[in-house]
Peer 1: 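This is the structure, below, for whatever I ask next.
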Amino acid sequence: MTVLVVGSGGREHSLARAIAADPAVAAVHVAPGNPGTAAFAANHPVDPCDPEAVAALASRIGANLVVIGPEAPLVAGVADAVRAAGIACFGPSAAAARLEGSKSFAKQVMAEAGVPTGDCVVCQDEAGLVAALDRFGPPYVVKHDGLAAGKGVLVTTDRQAAIEHGRDCDRVVVEEYLDGPEASLFVITDGTNALALQPAQDFKRVGDDDQGPNTGGMGAYSPLPWLAPGVVDQVMTEVVHPTLARMRELGTPFTGLLYVGLAITSRGPRVVEFNARFGDPETEAVLPLLRTPLAQVLYAAATGTLDSFGELEFDDRAGVCVVLAAQGYPASPHVGCKIVLPPDTSDAYVIQAGTSLDATGQLVASGGRVLVVVAAGDDLAAARRNAYEHITRIDFAEGFCRFDIAAKAVLEIAANGV
Ligand code: GLY
């Protein structure tokens, strides 16, 4: 099988790496990819948000499967163009990707499907926004309705900041704050059949102890020792299958990856958000643990034959990933810092997320989240240790990371023996 992965970040490097490890895969291409993917795949300088260009590339290289990483190409209709060219595509149509592309659409589908989630109000002017904020009270949750490159969601106790965040946008969704730890559940679906990956947790704030501004994610771990057995089955029954059924009824079946962002509240799991693609950096922590060959299961989802697979299989190790970001991230990351990577070890390796080669061929930082150190271990403590040890071997003078990724879970395991 020849597979084309669309995107250029850490998630796409991680997906391409796992796809390349599938024995059914003969060649991996990435559009546009990054220096990390160039080590084992063919990179192509194609705009990932240009539907015709991606479809033309897929045809030219004889792709059997196209896997779309980020949300922007999905919302732009890249999956539709690839399917129209007669090529199997893992990723929802533009119409179905509205589950991520429009927060108000997602909330409407959840309401129609009876999915447990927080109350919300859709606001189109400042008076409505202020009334909604005062109805729910702090902490305030204000989401821009459309895609906003990770900058659309604000959770704050500062009422004035909440008003200003909403004022910049034509249409915002104000939501009830959902208390409780968050979990990310990735579900591979062909529109009817659905298989859950092992849940993960990510760390959205830039600083230790969840201080500072929100980011795209500073690290993740899997599995979640604190998550009660049965929660995944409950979410599949109460959230995933009703949502997929409603999307079919609407004439826009959702195929691809349904990312269910959950708050595990005292009243049970509640949906915080849907995304239409693999999460980043949770993907980096989860995929190394997956034993089921990834390309084969994505192909089955893309061709409506997911019922031919049983449950996904995972090894019983733990995975931890830690993001190394550039100084100034998330507000204004400093690019250009030289990077030298160590060789992989049996337990740890580096995924490239925001890198490029300078004129001399030197690897340099070119984005906010630059590297993702991925480690496995026999338990969460070992995986965490392996990740932070590997970071000490990286030469990236301006890189910084959080030091508490998975720390609380490791302490809880030590205290409770779970
Ligand atoms: N980890 C958060 C996201 O992918 O949106």
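Order of appearance sets the numbers: ligands from 1, and atoms from 1 within every ligand. Keep in mind that the numbers below use all heavy atoms, side chains included, and drop hydrogens, waters and symmetry copies. Counting from 1, the numbers follow the sequence of the chain as shown.
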Peer 1: If we count only N and O atoms by modelled type, under 3.5 Å, do the side chains of Thr265 and Asp179 hold a donor and an acceptor together?
Peer 2: no

Peer 1: I'd like to check which ligand 1 atoms, numbered from 1 as shown, lie under 4.0 Å from a non-hydrogen atom of Gly216.
Peer 2: 1 (N), 2 (C)

Peer 1: Apply side chain to side chain contact (heavy atoms under 4.5 Å, CB included) to the pair Leu65 and Ile19, showing each step before the final yes or no.
Peer 2: CA-CA 11 Å; Leu65 173 67; Ile19 286 167; 5.8 Å; no

Peer 1: Among Arg402, Lys204, Arg205, which residue meets the side-chain hydrogen bond (donor to acceptor under 3.5 Å, both in side chains) test with Asp210?
Peer 2: Arg402

Peer 1: In ligand 1, which numbered atoms sit nearer than 4.0 Å to a non-hydrogen atom of Asn275?
Peer 2: 5 (O)

Peer 1: Glu12: what forms a side chain to side chain donor-acceptor pair (under 3.5 Å) with it, not counting sequence neighbours?
Peer 2: none

Peer 1: For ligand 1, which atoms, with element, lie under 4.0 Å from some heavy atom of Gly279?
Peer 2: 4 (O)

Peer 1: Could you tell me whether some N/O pair between Asp280 and ligand 1 is separated by less than 3.5 angstrom?
Peer 2: yes

Peer 1: Identify, by atom number and element, the atoms of ligand 1 in contact range of Tyr259, meaning under 4.0 Å from any of its heavy atoms.
Peer 2: 1 (N), 2 (C), 3 (C), 4 (O), 5 (O)

Peer 1: Quick one: which of Val260, Leu195, Val231, Val187 gives a side-chain contact (heavy atoms from CB on, under 4.5 Å) with Met236?
Peer 2: Val187

Peer 1: Measure the distance from atom 5 (O) of ligand 1 to every protein heavy atom, then report the residue, atom name and distance (to 0.1 Å) of the closest one.
Peer 2: Arg277 NH2, 3.0 Å

Peer 1: Check Arg317 with Asp378, please: is the shortest side-chain N to carboxylate O separation under 4.0 Å?
Peer 2: yes

Peer 1: Heavy atoms only, cut-off 4.0 Å: how does Glu100 contact ligand 1, side chain, backbone, both, or neither?
Peer 2: neither

Peer 1: Taking 4.0 angstrom as the limit and counting only heavy atoms of Asp202, give me the atoms of ligand 1 inside it, by number and element.
Peer 2: 1 (N), 2 (C)

